[in-house]
Each structure stands twice: as structure tokens, then as C-alpha cells.
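Right, one structure below, let's go through it.
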Amino acid sequence: EVQLQASGGGLVQPGGSLRLSCTASGFNFRDYAIGWFRQAPGKGREGLLCVSGLGGNTYWTDSVKGRFTVSRDNAKNTAYLEMNSLKPEDTAVYYCGKYRSGYWCPSAWSGLFGSWGQGTLVTVSS
């Protein structure tokens with residue numbers, strides 16, 4: 001069964017940093033792009049960025065450029081989201097998902113990303 005699960009969220013001060021993990025199972029992890037998205041309280045889902053099978057980053061929103069970076073360790077079936085210079089508006093539940101079409105990241109988020117897990121809550125507050 002295909003499963004992905006984000007973890008590592010918590011409370012962080014504005015301007016601080018946090019690293020999230022996305023652990024995957026049930027498929028050939030190295031052959032699929034992994035996307036990250038978030039849902040803030042009272043708002044819809046927002047696609048953030050994507051990492052290709054070999055680690056290249058594609059950004060889907062300008063709000064995280066220069067602050068967020070995705071990496072992956074294919075030997076461990078794990079992707080990582082490094083978040084820096086966090087702002088209160090970054091408060092949300094963060095999710096990772098697998099790209100149904102495979103290896104390369106698309107230029108924009110779409111419904112072809114799926115197998116989302118339960119997500120992990122990031123709260124940015126003083």
C-alpha cells in the first residue's frame with residue numbers, strides 16, 4: 001500500500017527554523033517527485049514546492065522562495081522540508097504527496113499529487 005507521512009512539526013518562534021520529514025513506503029520512492037503543501041486554519045490547501053526524483057527543487061509560490069528548501073534521501077525513502085525565517089502566516093498543517101506522473105516536478109501543483117498522509121502541524125508564534 002502506498003503511504004506517505006509528514007512529521008516534525010511543532011511550535012517555533014517567528015524568524016526561527018524547522019525541519020519536516022516525509023517518510024514513504026509501498027512504492028519505488030526514487031522514481032517519483034514529492035510535493036509539499038499546507039492548509040492554514042480557515043483556508044484552502046496551498047501547494048508550496050516540489051522535489052524531483054534526483055533532488056531538483058520547483059517552487060509553486062513566491063512566498064516560500066529563499067526560505068524553504070526540499071531535499072531527499074532515496075536510500076531512506078525520506079524527503080525533507082527545511083523551513084527558515086518562519087512567519088506567523090506559515091502556521092498550518094503541512095502535508096507531503098507523491099506525483100502520479102512520476103519523476104519530474106510539474107510547473108504548478110495539481111490534483112495529480114496524492115497519497116497524502118495525516119499531516120503535521122507547524123505553529124509560528126511568540
Side-chain angles (χ1 to χ4, degrees):
E1 180 181 356
V2 174
Q3 294 183 323
L4 295 92
Q5 181 60 56
S7 62
L11 177 64
V12 62
Q13 300 292 311
S17 299
L18 200 63
R19 187 192 197 194
L20 306 184
S21 297
C22 174
T23 57
S25 62
F27 65 100
N28 293 326
F29 181 74
R30 67 180 64 84
D31 293 334
Y32 290 89
I34 302 296
W36 285 88
F37 84 108
R38 67 187 179 189
Q39 187 164 15
K43 299 183 182 296
R45 287 183 296 175
E46 178 186 22
L48 301 176
L49 71 173
C50 175
V51 59
S52 73
L54 284 180
N57 279 206
T58 296
Y59 290 87
W60 290 326
T61 176
D62 289 342
S63 67
V64 302
K65 289 182 179 178
R67 300 193 299 123
F68 290 12
T69 302
V70 175
S71 61
R72 64 193 295 160
D73 186 339
N74 287 335
K76 297 181 178 180
N77 288 353
T78 302
Y80 304 95
L81 176 62
E82 299 280 356
M83 304 185 294
N84 301 305
S85 301
L86 285 163
K87 306 173 182 179
E89 53 262 43
D90 293 319
T91 296
V93 177
Y94 285 72
Y95 302 86
C96 57
K98 178 175 73 72
Y99 186 42
R100 193 175 72 188
S101 294
Y103 188 85
W104 298 107
C105 290
S107 59
W109 179 85
S110 75
L112 292 176
F113 283 86
S115 301
W116 309 103
Q118 295 299 305
T120 185
L121 176 63
V122 174
T123 302
V124 184
S125 176
S126 59

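For clarity, every value in this text was computed on a predicted model and none was experimentally measured.
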(message) For the CG atom of L86 and the OG1 atom of T91, what is their distance to the nearest 0.5 Å?
(response) 8.5 Å

(message) Taking atom CD as the centre, does Q118 end up with more than 12 heavy-atom neighbours from other residues, nucleotides or ligands that are less than 6.0 angstrom away?
(response) no

(request) Start with the C-alpha gap between S63 and E46, add the side-chain angles, then the distance that decides, and say whether side-chain contact (heavy atoms from CB on, under 4.5 Å) holds. (result) CA-CA 11 Å; S63 67; E46 178 186 22; 4.0 Å; yes

(message) Please determine whether residues L48 and V93 belong to a single hydrophobic cluster, defined as Ile, Leu, Val, Met, Phe, Trp and Tyr linked transitively by side-chain heavy-atom distances below 4.5 Å.
(response) no

(request) Check A92 against R38 and note the closest heavy-atom contact, atom names and distance. (result) CB-CB, 3.8 Å

(request) Please report the C-alpha distance between V51 and Y99 in whole Å, then the side-chain angles of each, then the deciding distance to 0.1 Å, and finally whether the side-chain contact (heavy atoms from CB on, under 4.5 Å) criterion is met. (result) CA-CA 10 Å; V51 59; Y99 186 42; over 6 Å; no

(request) Any chance you could measure R19, atom CZ, to S71, atom OG, to the nearest 0.5 Å? (result) 6.0 Å

(request) Quick one: closest heavy-atom pair of C105 and S52, and the distance? (result) SG-N, 3.4 Å

(request) Working to the nearest 0.5 Å, report the span between CD of Q5 and OG of S21. (result) 11.0 Å

(message) Taking the basic N atoms (NZ, or NE/NH1/NH2) and the acidic carboxylate oxygens, is any pair closer than 4.0 Å for K87 and D90?
(response) no

(request) Flag yes if more than 12 heavy atoms outside R30 fall under 6.0 Å of its CZ atom; otherwise flag no. (result) no

(message) Minimum heavy-atom separation for I34 and C96, please, with both atom names.
(response) CG2-CB, 4.2 Å

(message) Hydrophobic clustering (ILVMFWY, side-chain heavy atoms < 4.5 Å, transitive) - are L20 and V64 grouped together?
(response) yes

(request) Work out which heavy atom in S107 is nearest to a heavy atom in T58; give both atom names and the distance. (result) CA-CG2, 4.5 Å

(message) Rounded to the nearest 0.5 Å, what separates atom CE in M83 from atom CG in L18?
(response) 4.5 Å

(message) Working note: N77 + T23, criterion side-chain contact (heavy atoms from CB on, under 4.5 Å); need CA distance, chi angles, decisive distance, verdict.
(response) CA-CA 6 Å; N77 288 353; T23 57; over 6 Å; no

(request) Give the ring-plane orientation class for W116 versus W109, where under 30° counts as parallel, over 60° as perpendicular and anything between as tilted. (result) tilted

(message) Return the CZ to CG distance between F68 and L49, rounded to the nearest 0.5 Å.
(response) 8.0 Å

(message) Which heavy atom of R72 sits nearest to which heavy atom of F29, and what is that distance?
(response) NH2-O, 2.7 Å

(message) Under the side chain to side chain contact (heavy atoms under 4.5 Å, CB included) test against F37, which residue among W60, Y95, F113, Y94 passes?
(response) Y95

(message) Is there a side-chain contact (heavy atoms from CB on, under 4.5 Å) between F27 and L4? Walk through the geometry before answering.
(response) CA-CA 10 Å; F27 65 100; L4 295 92; 4.0 Å; yes

(message) Show the nearest heavy-atom pair for residues K98 and V2, with the distance to one decimal.
(response) CE-CG1, 3.8 Å

(message) Do W104 and W36 land in one hydrophobic cluster if side-chain heavy atoms of ILVMFWY residues count as linked below 4.5 Å?
(response) no

